[in-house]
Amino acid sequence: MNSTSSSRNKRGRTKFGGVSPHWIFIAPALIIVFAILIFPVLYSIYMSTYDWHLFYSSDKKFVAFKNFVELLKDKEFLHSLWLQFGFVVIALPIETVIGFFVALLLNRDGKFYTVVRSLILLPVFILPVISGLTWRLLLQPEYGMVSFFLEKMGFGVRAWLAEPDFAYGMVIVQDVWRMWPFMFMFIYAGLSGVPREILEAAQIDGASFWKRVFKIILPQLRPTIATALLLRLVDALRIFSEVYVMTGGGPGNATMLLSLYINKQAFEFFNIGYASAMGVVLLIIALGLSFFIVGGNIKFEGERG
Amino acid sequence: MKRVFTVIFLVSILGVILAAPYNTTIRVLAWDDALTQALKAGIPDFEKATGIKVVLELIPSGNLLQKIGVSVSSDKTDYDLVTVDEPFIPSLAHLMMPFDRWGNGKVFKKPPLNVFAPNAFEAAQWGGVFVGMPINANVYIWITRKDLINDPKNKSEFKLKYGYDLSVPKTFKELRDMAEFFTSKGIYGFAPFTKQTEGSTAEAIFMFEAFGTSPLTADGGKVVVSLDEKKAVEAINFYKELLKFAPPGALDMGHSERIAAFNQGKVFTMFQWPALVPQHEDPNNSLVAGKIIYSAPPVGPVKGSAIRGCWVLAMPNATKNKEAAAEFAYWWASLETGQKLIPKGFTPARADLLLNPTYNKDRPWFKAIFDSMRNAVARPRFVKYPEASQIIRNYWLAAISGKMSPEEAVRKMKDELNELVKK
């Protein structure tokens, strides 16, 4: 670099054409983030302020916040929001509890435990759509294995996914089956970092199992669990394909989670503006919950405790 | 010598180019099934005859509307021809060029609309204008087990119990009796369609129409809710009665479950869409191949009805290849193309092909398509049809599954349809 194209600022850092080098290094990442994250979000917000039907794009009208006001009056939307909330509140704690205790159980040395730990992770690697289809088949009234056992238990041959409460329950069961190993993976990794000496000392001092869990292990794992929950939360809020193939949101609207309702408005009813408003609401909810989970649970280096 | 050959070669290429009426590429978007796969096989002939290169994109029918939505607008289009399922014609009509403005065709002549099966061409009409050309005669047909009907023991037992001859059910009463009879003999009488998809809306409208009522009617361009509560409740109660003779899991049956049950020989009779018939007639996958009678659906207490679901070939206003696109459409609809592609799995919309005895020998469902088309009813012709369809099927399914009383379901269905119409 010659002296005409580079110069030094007061702190002695070299500038290229007046631009600080750190901007040059992060520019590709910034451009990509803008293109695939910031721009779509901004465009969604833009679309959410229009009364915009996909087939009548040339007639779209600016309506400011009308779509958001409509959302508050839309019973289907509120119902979907409620189902989504229920899904997160029921599925995530169950996955966390199972993942936590299985991690405790398998936090031992030995080949057997290594093999079991690896096998346990298998459901996480199954594509959501395959998982949904598999559960649909398992619950198929005539040939499904789960239906077979339910029949043997005296419930008779029934179209289980045509029962609203059962269908919603099974959507949660499917998610728990597929995703608890994800929580296990995180918690197990965190558990490996808990100093054994502390646990041994507590045991010698006569601390019971539950006391060790609540007073030592859980406080130590708080940042790990918070991170895992955050990732799962983001995933759970955008759950779509497995439910879509399993129930299609039915019967009626019994499993019409928010992302399915957004899809319905956008690509079945073609109300793009209205669907975008729902997407923006979902984004705000996700951000709000993320701040709630991250705040106080995860501390970054340099932050005061 | 080398130069002479080069000149001859170049002149021949130029000659071929000049001889071809067109020298362009068109993009066509269509649904994916046996018909369009057969069409694909004929495209090289079309390309040779016209010089038009065809890029035929086939996608699952359920995603087609979305694809059109993002690919076609008033001033831009990614496709020169698109296929549209008829309930969505009203939503897309303003983006498509009226059929009377399509060219006459240099190589393939523009067909008059009366060559298509009766009622089929109505599928392409909206607001008094034909916005495309019907390209298949898709309509409910009825399939019944021939071997069960012809069994002498079944015949005599049925006559003894019900006092009339066992045959293809011609009325809803016969359908109910025969369904009951065969269920008592271990064969399910009827296979419903109850999945949370468009098929359930079609089933609801089929029943409502047979009992003499329609959820929505267009009244001078204005859409009004016209569901007669009493008749609608009767229709629901009759369907609930039929469900008693349906296979286990009757409340969660879609195309795959119905096809599987019928092909395993477990079901006596049911409706079917023509596009799915080849699956019943494939001896490698069906125990009942060659044992099926095809007919129009049984007639309801008030009238005969058959849900129509024709695909319409439409040309976006924004296309730059109007002439070439029209050539392709006319080739698709021509008698010669039909004759050539029927053996490959093509189902025509033309009356002359559907009634041709040669084809009916191997494909007896062609005549059934033609017969069904006489009583064809369209799903509500309405710009907001997708929303209306959702409301109809939600309450229909709630009622037939017993989650809601038929009276309450019909009342709520009407209320929500009224709200939708007013929006």
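Keep in mind it's a predicted model, so treat the numbers as computed, not measured. Residue numbers start from 1 in every chain, and the chains themselves are labelled A, B, ... in the order their sequence lines are given, proteins ahead of strands.
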Do the non-hydrogen side-chain atoms of A:Y56 and B:L95 ever get within less than 4.5 Å of each other?
no

Shortest non-hydrogen pair, B:S256 vs A:R136, comes out as OG-NH2, 4.3 Å

Drop me the distance from B:K384's NZ to A:H53's NE2, to the nearest 0.5 angstrom.
8.5 Å

Interface residue of largest heavy-atom contact number with chain A, from B:E257, B:R393, B:Q264, under 4.5 Å:
B:Q264

Is B:K76 close to chain A through its backbone or its side chain, or both, or neither, when contacts mean heavy atoms under 4.5 Å?
neither

Among residues 403-413 of chain B, residues within the sub-4.5 Å heavy-atom range of chain A, in order of number, are B:K403

Going by residue number, which parts of residues 143-170 of chain A are within reach of chain B, meaning a heavy-atom gap below 4.5 Å?
A:Y143, A:V157, A:A159, A:L161, A:A162, A:E163, A:P164

Can you name the residues that form a ring pair (Phe, Tyr, Trp, His ring centres under 6.0 Å) with A:Y50, not counting sequence neighbours?
A:Y46, A:F62

Hey, are the side chains of B:K266 and A:E142 touching, using non-hydrogen atoms and a 4.5 Å cut-off?
yes

Neighbour count >12 (heavy atoms, 6.0 Å) for atom NZ, B:K185:
yes

Distance flag, aromatic centroids of A:F55 and B:H94, threshold under 6.0 Å
no

Starting at CG of A:D59, measure out to OG of B:S74 and round the result to the nearest 0.5 Å.
8.0 Å

Okay, B:V72 and chain A: the region with an atom under 4.5 Å from a heavy atom over there is neither

Above 12 or not: heavy atoms from other molecules or residues under 6.0 Å from CZ of A:F240?
yes

Measure B:L251 against the heavy atoms of chain A and call it side chain, backbone, both or neither at under 4.5 Å.
both

Residue B:S73 versus chain A: region with a heavy atom under 4.5 Å
neither

All N/O donor-acceptor pairs, side-chain side in residues 265-290 of chain A, below 3.5 Å, sequence neighbours left out:
residue	atom	partner	partner atom	Å
A:Q265	OE1	A:N271	ND2	2.9
A:Q265	NE2	A:Y261	OH	3.1
A:E268	OE1	A:K264	NZ	3.0
A:Y274	OH	A:D74	OD2	2.6
A:S276	OG	A:I272	O	2.8
A:S290	OG	A:A286	O	2.6

Given that the side chain runs from C-beta out, which part of A:S57 has a heavy atom under 4.5 Å from chain B: side chain, backbone, both or neither?
neither

Count the heavy-atom pairs under 4.5 Å between each of B:P248, B:G62, B:P247, B:A261 and chain A, then report the option with the highest count.
B:P248

Between the side chains of A:K75 and B:E416, is the shortest nitrogen-to-carboxylate-oxygen separation below 4.0 Å, so that they form an ion pair?
no

